[in-house]
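Numbering of ligands and ligand atoms starts at 1, following listing order. Note that the structure is predicted; figures quoted are calculated from it, not measured.
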Amino acid sequence: MRALRRFTVRAQLPERLAPLQTLATNLRWSWHPATRELFATLDPAAWERSGEDPVRLLGEIPTARLTELAEDTELVQTVAGLAADLERYLTEDRWYQGEEGLPAGIAYFSMEFGVSEVLPNYSGGLGVLAGDHLKAASDLGVPLIGVGLLYQSGYFRQSLSLDGWQLEHYPVLDPQGLPLQLLTGADGAPAIVEVAMPEGRTLAARVWQAAVGRVPLLLLDADIEANDADLRTVTDRLYGGDQDHRIKQEILIGVGGVRAVRAYCAATGHPEPEVFHTNEGHAGFLGLERIRELQSSKRLDFDQALSAVRSGTVFTTHTPVPAGIDRFPVDLVRRYLTDALLPGLPTDRLLAMGAEDDPAMFNMAHMGMRLAQRANGVSKLHGEVSRGMFGGLWRGFDADEVPIGSVTNGVHGHTWEAAEVSGLIGEPGASLDHVGDAELWGLRNALRARLVDEVRRRVRAAWLERGASTPELGWTDHVFDPDVLTVGFARRVPTYKRLTLMLRDPARLRDLLLDPHRPVQLIVAGKSHPADDGGKALIQQIVRFADDPAVRHRIVFLPDYDMSMARYLYWGCDVWLNNPLRPLEACGTSGMKSALNGGLNLSIRDGWWDELYDGGNGWAIPTADGIDDPHKRDDLEAQALYELLATQVAPAFYERDSGVPPKWTGLVRHTWETLRPQVQATRMVREYVENWYAPAAEAARTVTASDYAGAKEIASYREKLNTAWTKVQVTGVDASGLPDTPVVGAPMTVRAAVDLGGLSPEDVIVEAIVGRVDEADELDDTVRVAMKHVGATDGADRFEAVVPLPHAGLAGYTVRVLPQHPLLASPAELGKVVLA
Ligand SMILES: *Cc1c(COP(=O)(O)O)cnc(C)c1O
């Protein structure tokens with residue numbers, strides 16, 4: 001008989017074991033080896049059956065057994081000790097508490113969070129990054145609140161058909177069986193958040209809390225009886241459904257998310273956030289809700305409220321792939337952004353927030369940029385690419401002036417690094433001088449061997465799922481070899497990641513795998529978006545290649561890539577392969593996780609690898625950036641990849657001295673010493689705190705002080721600019737001050753006459769810009785000097801500056817006018833500039 005519905009009944013623990021409940025529900029266990037160890041020893045078989053999930057484990061252990069365990073004094077002491085350790089972790093002062101002037105609270109919004117495989121609320125890198133952000137914030141003591149949605153089925157689970165086609169399954173999760181707790185109000189009843197839908201309907205959601213160490217993660221869940229049947233499915237799946245479905249989700253996370261944060265702070269006394277961080281565009285409606293709050297409670301008008309909201313908002317963009325940008329038809333947005341949802345907010349102003357080149361589309365990334373005073377990309381290269389990509393929002397400025405910075409992503413060390421690594425070499429930054437090559441190599445061998453066991457287990461399970469029977473599967477016990485150079489390639493399957501680049505020349509790949517002296521074994525994994533048949537076809541190509549009995553012991557495609565599989569790959573792979581189309585990989589984090597474990601990256605110089613590859617920590621696959629023909633480019637880059645594998649990577653791995661490969665261990669040693677500290681998520685979160693959250697909180701305090709005097713001032717300044725700006729004109733420029741014989745360093749006097757269109761000289765900066773010029777008179781390598789106001793004649797204001805000539809050779813200069821106000825984060829912020 002099949003059950004109609006599933007639900008979970010939580011175990012009743014004997015009193016002496018009661019602290020197990022907290023240890024199981026606070027997700028800190030997922031990165032705390034001693035706590036995992038404790039759960040494993042309670043019942044090793046049940047631990048494995050539960051998929052290493054403490055909440056499920058406690059439900060699986062029979063009551064009689066629990067009673068018995070409660071009599072085990074040593075165990076009871078271990079439980080008490082770990083509970084005390086957790087309590088200390090949750091309450092003691094950490095890095096943040098030793099710093100001054102930081103925000104009292106920060107809300108971090110993301111469409112997905114990958115904290116642990118027991119809470120499968122993520123699809124890939126973006127979610128895992130968000131999870132790592134919360135964990136590192138917890139470790140540092142940052143008072144962050146995570147905000148997202150709880151999906152009934154999370155993302156899909158992947159299996160394969162017999163002919164290698166991706167199949168998707170959506171197992172329904174039972175929140176009661178997850179490490180979650182309902183947020184309740186003062187009356188003890190579940191807190192309910194509501195957002196208005198078209199046609200007078202209401203979408204309601206309850207709020208689940210996950211405890212990520214010290215950081216609460218609030219997850220909104222629409223599957224409640226108060227909702228109409230169709231609205232109950234709003235949070236059914238991550239990235240499923242059509243645009244209409246998506247916008248409902250995004251209104252719930254954005255508008256509803258702010259309301260959930262307010263309910264949470266009211267219920268728990270957590271300080272109200274001073275800074276809101278929008279992790280990618282999906283949750284961008286949060287800014288509109290905050291404008292509504294200020295309009296209604298502080299009696300500000302739209303522009304004043306906008307100024308206040310912008311100052312305390314940070315926006316992070318995560319993709320340079322145009323198809324990856326979230327956009328909606330304007331008509332759809334108009335249908336949803338009603339006065340019932342956001343009372344008092346003018347529709348035309350709301351729609352203008354997402355305006356882009358195509359007047360029919362509403363662009364969530366553009367809204368993110370407009371609602372945040374501070375914006376960043378996720379690696380140095382991605383910052384640069386974003387400044388070009390979003391440059392249209394700052395027309396008239398050179399790309400390097402576009403106010404989008406960068407924070408290079410990091411990964412959570414305790415989550416992704418095998419415990420044996422810190423056991424051998426200590427905390428990140430520690431020197432490896434005390435570790436011998438043989439020991440180091442011994443650890444790498446052990447991690448690889450563990451991976452090989454896991455590969456065999458998974459290959460077998462995958463074939464059983466594809467319909468094979470046990471007697472046919474004897475060969476799976478012998479796939480892979482614990483002594484063979486092991487290369488990993490696992491990631492989502494959008495086109496730009498080029499899953500099948502390695503198959504460009506199948507014969508060449510086969511030769512590498514089957515080389516009698518220096519073989520390579522290759523693990524491939526990744527999910528394709530369910531609607532992307534192109535991606536599924538790529539997976540099928542790999543699977544078909546790997547199914548060939550001649551090579552199947554050296555190459556595998558492992559279905560259902562997720563955090564639980566990823567861990568083994570990062571631990572055990574010798575080489576982490578990444579071959580995106582540069583520069584479309586914004587950062588990439590899997591290679592960082594591999595590096596934590598002494599894996600060497602073999603990658604196109606894109607994302608993080610572009611800035612952290614140093615010649616001694618892996619290999620750079622040369623890119624054919626300038627080649628426009630994509631086939632030609634793939635050919636060239638695939639050839640380079642094969643060449644590197646055959647002539648650099650494999651020889652370094654197989655050349656041995658008393659059983660140890662000296663060249664290889666040198667590379668691993670260098671990776672651990674230099675990369676390991678740099679790829680940490682704590683480094684990333686500290687950067688966010690110091691360079692983004694703190695200035696944003698400071699700006700927010702400044703504009704909100706004295707009844708929002710600053711916000712009002714900025715708003716009226718912007719209004720003044722808007723009326724005057726089209727009249728501002730540089731009416732004359734005079735470089736009579738050019739020295740007779742211009743030599744480098746000689747002073748040049750630049751004078752300009754400017755019609756300020758009614759603005760006063762303090763409202764603007766007039767700049768003289770001197771630099772090299774090319775044939776087309778484009779200025780480059782410029783020096784910018786603010787000009788001094790020297791009076792007004794004939795109705796024009798006069799400005800003057802002395803600029804030392806910066807370069808020899810062909811030079812040029814110009815003059816421009818920019819807004820100037822002490823509350824602007826940069827002169828480019830408002831996207832206004834007048835050039836002579
Ligand atoms: C780290 C991680 C990713 C992201 O990897 P990329 O290098 O950014 O592609 C995706 N999925 C899982 C499960 C991860 O752990």
Side-chain angles (χ1 to χ4, degrees), residues 30-31 110 112-136 154-158 238-239 279-280 316 318-321 324 377-379 381-382 408-418 454 458 487-499 501 523-529 535 558-573 575-597 599 601-610 612 618 675 679-681 684:
S30 68
W31 71 91
S110 177
E112 44 174 315
F113 283 95
V115 178
S116 156
E117 60 267 29
V118 308
L119 194 58
N121 230 34
Y122 64 95
S123 78
L126 181 70
V128 176
L129 174 82
D132 282 1
H133 195 102
L134 301 192
K135 293 175 196 175
Y155 202 50
F156 70 93
R157 315 241 42 146
Q158 178 194 51
L238 173 59
Y239 305 143
N279 189 44
E280 198 41 279
T316 302
H318 283 268
T319 179
V321 182
V378 290
S379 67
L381 178 61
H382 179 232
T408 302
N409 285 340
V411 297
H412 188 246
H414 293 293
T415 297
W416 296 111
E417 190 175 275
E454 182 69 6
R458 284 185 182 261
V487 179
F489 184 98
R491 44 188 44 88
R492 289 178 305 109
V493 190
T495 325
Y496 78 87
K497 297 213 185 217
R498 294 192 296 188
L499 177 72
L501 188 73
I523 306 172
V524 187
K527 293 177 176 178
S528 168
H529 187 279
L558 300 182
D560 207 27
Y561 179 50
D562 75 346
M563 291 177 76
S564 68
M565 178 202 298
R567 190 173 302 127
Y568 286 91
L569 301 184
Y570 305 144
W571 289 340
C573 285
V575 171
W576 196 253
L577 174 62
N578 193 17
N579 47 234
L581 261 183
R582 190 178 190 272
L584 297 182
E585 181 86 291
C587 179
T589 49
S590 53
M592 294 178 164
K593 300 175 207 165
S594 175
L596 283 180
N597 292 286
N601 279 267
L602 169 59
S603 171
I604 297 272
R605 289 192 74 157
D606 199 3
W608 75 283
W609 194 234
D610 187 59
L612 290 180
L675 268 188
V679 300
Q680 299 290 332
M684 164 184 76

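Geometrically, ligand 1 and D562 share no nitrogen or oxygen pair separated by less than 3.5 Å. Residue contacts with ligand 1: Y122 is placed with no nitrogen or oxygen under 3.5 Å of a nitrogen or oxygen of the ligand (distance criterion only). Of the polar atoms of K497, at least one N or O is found under 3.5 Å from an N or O of ligand 1, judged by distance alone. Any N or O atom pair closer than 3.5 Å counts here, and S590 shares at least one such pair with ligand 1.
The side-chain hydrogen bond (donor to acceptor under 3.5 Å, both in side chains) with N279 is formed by just one residue from the set E112, H133, H318; it is H318.
The residue M565 has no part lying near ligand 1, judged by heavy-atom distances below 4.0 Å. Only the side chain of V128 comes within 4.0 Å of ligand 1, judged by heavy-atom distances. The proximity of Y570 to ligand 1, defined as any non-hydrogen pair under 4.0 Å, is limited to the side chain.
Between L238 and N121, the closest side-chain pair of non-hydrogen atoms is not below 4.5 Å. Contact annotation: the side chain of N579 approaches that of F489 to within less than 4.5 Å [non-hydrogen atoms, C-beta and beyond]. Taking the side chain as every heavy atom from C-beta outward, M592 and W576 never approach each other to under 4.5 Å.
Counting atoms of ligand 1 from 1 in the listed order, those under 4.0 Å from a heavy atom of G588 are 7 (O), 8 (O). With ligand atoms numbered from 1 in the order given, ligand 1 contributes 15 (O) to contacts under 4.0 Å with heavy atoms of W416. Ligand 1 places these atoms under 4.0 Å from at least one heavy atom of K593: 1 (C), 2 (C), 3 (C), 14 (C), 15 (O). Residue M563 approaches ligand 1 through these ligand atoms, each under 4.0 Å from one of its heavy atoms: 13 (C).
Scanning the protein for heavy atoms near atom 8 (O) of ligand 1, the closest one is T589 N, 3.2 Å. Closest to atom 11 (N) of ligand 1, if we only count protein heavy atoms, is Y561 CE2, 3.4 Å. Shortest contact from atom 4 (C) of ligand 1 to any protein heavy atom: G125 CA, 3.3 Å.
If you check the side chains of H382 and D610, you find no donor sitting under 3.5 Å from an acceptor.
The backbone N or O of M563 lies less than 3.5 Å from a partner atom in the side chain of Y122, making a donor-acceptor pair. A donor-acceptor pair under 3.5 Å is absent between the side-chain atoms of E280 and the main chain of S110, judged by distance alone.
In this structure, the separation between CH2 on W609 and CG on N601 is 4.5 Å, given to the nearest 0.5 Å.
Using a cutoff of 4.0 Å between basic side-chain nitrogens and carboxylate oxygens, R157 and D562 are scored as salt-bridged.
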